[in-house]
Amino acid sequence: CGGPGEACLAPGRPLGAQLEKQAARNSERALQAQQKAQQLEPIIRPLRERGDSLAKIAEALTSSGTITTGGGSKWSAMSVKRVLERLGMQ
């Protein structure tokens, strides 16, 4: 690219421009995930407070047809854990 130590994605294309775009996409996805977590709080909080495991909560969300934060239909314990972390409940 331009000079010593400057990272390039491809010949002549500075990596910085790509990283800025990626950072913007990541920020948008994080915001969407936080918003989805807040929407799920009224469903998840009571289940967790009564002592349901992450797997049990995931099963309940999947059974009820609740869409995951990534847009999928099958919840995993890890997905529930991440939602709980976003809500400060973990």
Side-chain angles (χ1 to χ4, degrees):
C1 254
E6 187 178 326
C8 290
L9 184 61
R13 294 189 59 205
L15 183 57
Q18 285 298 104
L19 292 177
E20 287 175 18
K21 288 180 186 176
Q22 182 177 352
R25 282 192 305 267
N26 289 348
S27 292
E28 179 62 27
R29 289 184 77 179
L31 177 62
Q32 290 172 353
Q34 183 64 38
Q35 290 170 341
K36 179 69 173 180
Q38 290 170 344
Q39 292 170 356
L40 291 168
E41 185 174 8
I43 300 168
I44 291 178
R45 182 176 291 278
L47 298 174
R48 193 60 173 162
E49 286 178 349
R50 77 176 186 201
D52 286 4
S53 68
L54 298 176
K56 183 88 170 166
I57 295 170
E59 185 180 304
L61 291 169
T62 298
S63 295
S64 70
T66 303
I67 302 299
T68 68
T69 56
S73 60
K74 181 157 174 48
W75 283 83
S76 68
M78 182 57 72
S79 297
V80 172
K81 181 178 187 289
R82 289 183 181 128
V83 169
L84 291 173
E85 288 171 348
R86 286 185 186 101
L87 296 171
M89 295 175 56
Q90 194 65 15

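FYI, side chains are in, hydrogens and waters are out, and symmetry mates aren't considered; it's all heavy atoms of this structure.
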Enquirer: Atom CD in Q34, atom OG1 in T69: separation rounded to 0.5 Å?
Expert: 11.0 Å

Enquirer: Please round to the nearest 0.5 Å and tell me the distance separating atom CD of Q38 and atom CD1 of I44.
Expert: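 That separation rounds to 12.0 Å.
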
Enquirer: If you round to the nearest 0.5 Å, how far is CZ of R45 from CE of M89?
Expert: 4.0 Å

Enquirer: Show, in sequence, the C-alpha distance, side-chain angles and deciding distance for Q39 and Q35, and conclude whether the side-chain hydrogen bond (donor to acceptor under 3.5 Å, both in side chains) test is met.
Expert: CA-CA 6 Å; Q39 292 170 356; Q35 290 170 341; over 6 Å; no

Enquirer: How far does OG of S27 sit from CD of Q22, to the nearest 0.5 angstrom?
Expert: 10.5 Å

Enquirer: Are L54 and L84 side-chain neighbours, meaning at least one heavy-atom pair lies under 4.5 Å?
Expert: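 Yes - at least one pair of side-chain heavy atoms lies under 4.5 Å apart.
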
Enquirer: Taking the side chain as every heavy atom from C-beta outward, state whether K36 and I67 have any atom pair closer than 4.5 Å.
Expert: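 They are in contact (side-chain heavy atoms under 4.5 Å apart), so the answer is yes.
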
Enquirer: Within this structure, what is the CG-OG distance for the pair L61 and S76, rounded to the nearest 0.5 Å?
Expert: 10.5 Å

Enquirer: Side chain of T66, backbone of T62: donor and acceptor closer than 3.5 Å?
Expert: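 No, because the side chain of T66 does not come within donor-acceptor range (under 3.5 Å) of the backbone of T62.
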
Enquirer: Do you know which two heavy atoms are closest between A77 and A55, and how far apart they sit?
Expert: CB-N, 3.9 Å

Enquirer: Can you sort out the partners of E85 under side-chain contact (heavy atoms from CB on, under 4.5 Å), two or more places apart, ordered by chain and number?
Expert: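 In terms of side-chain contact (heavy atoms from CB on, under 4.5 Å), with neighbours along the sequence ignored, E85 is linked to K81, R82, Q90.
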
Enquirer: Taking the side chain as C-beta and beyond, is there a heavy-atom pair between L47 and K56 under 4.5 Å?
Expert: no

Enquirer: Mind checking whether V80 and M78 sit in one hydrophobic cluster, side chains of I, L, V, M, F, W, Y counted as touching below 4.5 Å?
Expert: no

Enquirer: Atom NZ of K21 and atom CG of N26: how far apart are they, to the nearest 0.5 Å?
Expert: 14.0 Å

